[in-house]
Amino acid sequence: MLSYLLRKLLLSIPVLFGVTVIVFAIAHAMPGDAVLAMITAEAPSSEALIAMRRGELGLDQPLYIQYLNWIGQILHGNLGRSFVNGRSVGEIIGERLPMTLELMGVALLVAFLVGTTLGVISALRQYRLTDYSLTLGGFVGVSIPDFFMGLLLVYVFALELRWLPSSGISTAGDSFSLVDNLRHLILPAAALALFRAAIFMRYARAGMLEVLNKDYMRTAKAKGLRPSTITLRHGLRNALIPLVTVFGLALPTLFGGSVVIETIFQWPGIGLMFIDAVVNRDSPVIMGYVLITAIIVMLANLAIDLAYSVLDPRVSYD
């Protein structure tokens, strides 16, 4: 197991290097100029002032020098400083990351539990009304994009019914409380979870149907075990194996979806930070966001690879 982890971590190094090259190239190919984006009508400027400001930010150097300087900062644990406010990019991401992880963690957990449960129920009721209804609901779920679902939830539950707040992480002017935070979390988490719950449901149904007719399932029935024991202990564990891969594939799309959902609900996570950075042409923040996202996704995929050995004893990493 240890040797497998070391091999995966070593293979991650060239992948991360490729990510840094692509991210740097895209960030500097964006239209617009970071210095010009910071100039306002109240702060008139001249060509000399613009040139001086570009020199202070290091934007007057060749691109390969800028890239090498950025890589050097990363190797020293520093993601650089924001062009807009001069703050450390690591500090900015560190402040926003817990909110994004809260949103994504709740959304992914709810999607997995709800989707898996409904998928198992659908498989056990194959070709019945329950199965047809859940399958139809799954098709509807995967057909509705995150942003439309978010707007729909805001219209129904925030504007019409007025049950839940429409934006933010807590009520403005009130002291922070867990209950208030959870009320603000429900709508954005639901918008992210519904699409992925439908995907989990479809894979859970297919996986469960595949294992229901296996020899070990018939053997368990012949032993006189209770149906719940057969389903949960013998069937569900093997049906979950394909879902592990789906779980890993959901992480990158969840980061992308969180950017849109955080913007709609003004959730102060790294997704909203990324949009602000793009508007302000704040390249260090953009590059730091993408790099941190890549690292989190790679570590999560490594954990999912290890989960295979827990769910399937036939898988060995020795």
Side-chain angles (χ1 to χ4, degrees), residues 5-40 42-101 104 251-252 255-256 258-259 262-263 268-302:
L5 289 175
L6 291 176
R7 288 198 305 270
K8 292 290 289 186
L9 291 175
L10 289 176
L11 288 174
S12 300
I13 295 176
V15 174
L16 285 177
F17 174 74
V19 169
T20 61
V21 173
I22 295 173
V23 169
F24 183 86
I26 293 177
H28 285 78
M30 292 173 55
D33 188 281
V35 175
L36 295 178
M38 290 183 285
I39 296 175
T40 62
E42 291 77 15
S45 60
S46 62
E47 292 294 333
L49 181 61
I50 294 176
M52 182 183 68
R53 184 58 178 159
R54 289 180 62 84
E56 293 174 353
L57 297 176
L59 297 177
D60 59 340
Q61 298 177 341
L63 284 181
Y64 73 93
I65 297 295
Q66 296 183 44
Y67 174 76
L68 292 177
N69 290 336
W70 181 54
I71 289 296
Q73 291 176 332
I74 292 175
L75 294 177
H76 287 86
N78 180 15
L79 294 175
R81 292 192 171 274
S82 168
F83 288 163
V84 176
N85 52 34
R87 295 184 58 199
S88 168
V89 174
E91 291 181 0
I92 297 174
I93 294 177
E95 291 176 357
R96 300 288 194 106
L97 187 58
M99 277 75 82
T100 294
L101 293 179
M104 291 178 53
L251 291 173
F255 267 102
S258 69
V259 173
E262 287 182 11
T263 303
I270 60 175
L272 186 60
M273 174 205 71
F274 175 74
I275 295 297
D276 292 338
V278 170
V279 172
N280 295 316
R281 307 297 190 272
D282 200 348
S283 298
V285 176
I286 295 172
M287 295 185 296
Y289 165 83
V290 178
L291 184 62
I292 292 298
T293 300
I295 292 174
I296 292 176
V297 170
M298 291 179 63
L299 292 177
N301 286 332
L302 177 60

Exercise. How about Ile71 and Tyr67: do any of their side-chain heavy atoms sit closer than 4.5 Å?
Worked result: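 The answer is yes, as the side chains (C-beta and beyond) meet within the 4.5 Å cut-off.
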
Exercise. Mind checking whether Val84 and Asp276 have side chains closer than 4.5 Å, heavy atoms only?
Worked result: no

Problem set entry | Residue of the set Asn280, Ile270, Val259 for which side chain to side chain contact (heavy atoms under 4.5 Å, CB included) holds with Ile275 |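 It is Val259, the one option of Asn280, Ile270, Val259 that forms the side chain to side chain contact (heavy atoms under 4.5 Å, CB included) with Ile275.
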
Of all heavy-atom pairs between [X] and [Y], which one has the smallest distance, and what is that distance?
X      : Y      : result
Ala27  : Ser283 : O-OG, 3.9 Å
Ala294 : Val19  : CB-CG1, 4.0 Å
Arg281 : Phe83  : O-CD1, 4.0 Å
Thr100 : Ser258 : CG2-OG, 4.5 Å
Leu79  : Gly288 : CD1-CA, 4.4 Å
Leu291 : Trp70  : CD2-CZ2, 4.4 Å

At what distance, to the nearest 0.5 angstrom, does [atom1] of [X] lie from [atom2] of [Y]?
X      : Y      : atom1 : atom2 : value
Ile92  : Asn85  : CD1   : CG    : 4.5 Å
Met287 : Asp282 : CE    : CG    : 9.0 Å
Phe17  : Ile74  : CZ    : CD1   : 11.0 Å
Met99  : Leu97  : CE    : CG    : 9.0 Å

Exercise. Which is it for Tyr289 and Met273 under the side chain to side chain contact (heavy atoms under 4.5 Å, CB included) test, yes or no, and what are the steps along the way?
Worked result: CA-CA 9 Å; Tyr289 165 83; Met273 174 205 71; 3.9 Å; yes

For this session: State plainly whether the residues Glu262 and Arg96 are in salt-bridge range, i.e. N to O under 4.0 Å.
Result: no

For this session: Output, in order, the C-alpha distance, side-chain angles, deciding distance and verdict of side chain to side chain contact (heavy atoms under 4.5 Å, CB included) for Arg81 and Glu91.
Result: CA-CA 9 Å; Arg81 292 192 171 274; Glu91 291 181 0; 6.0 Å; no

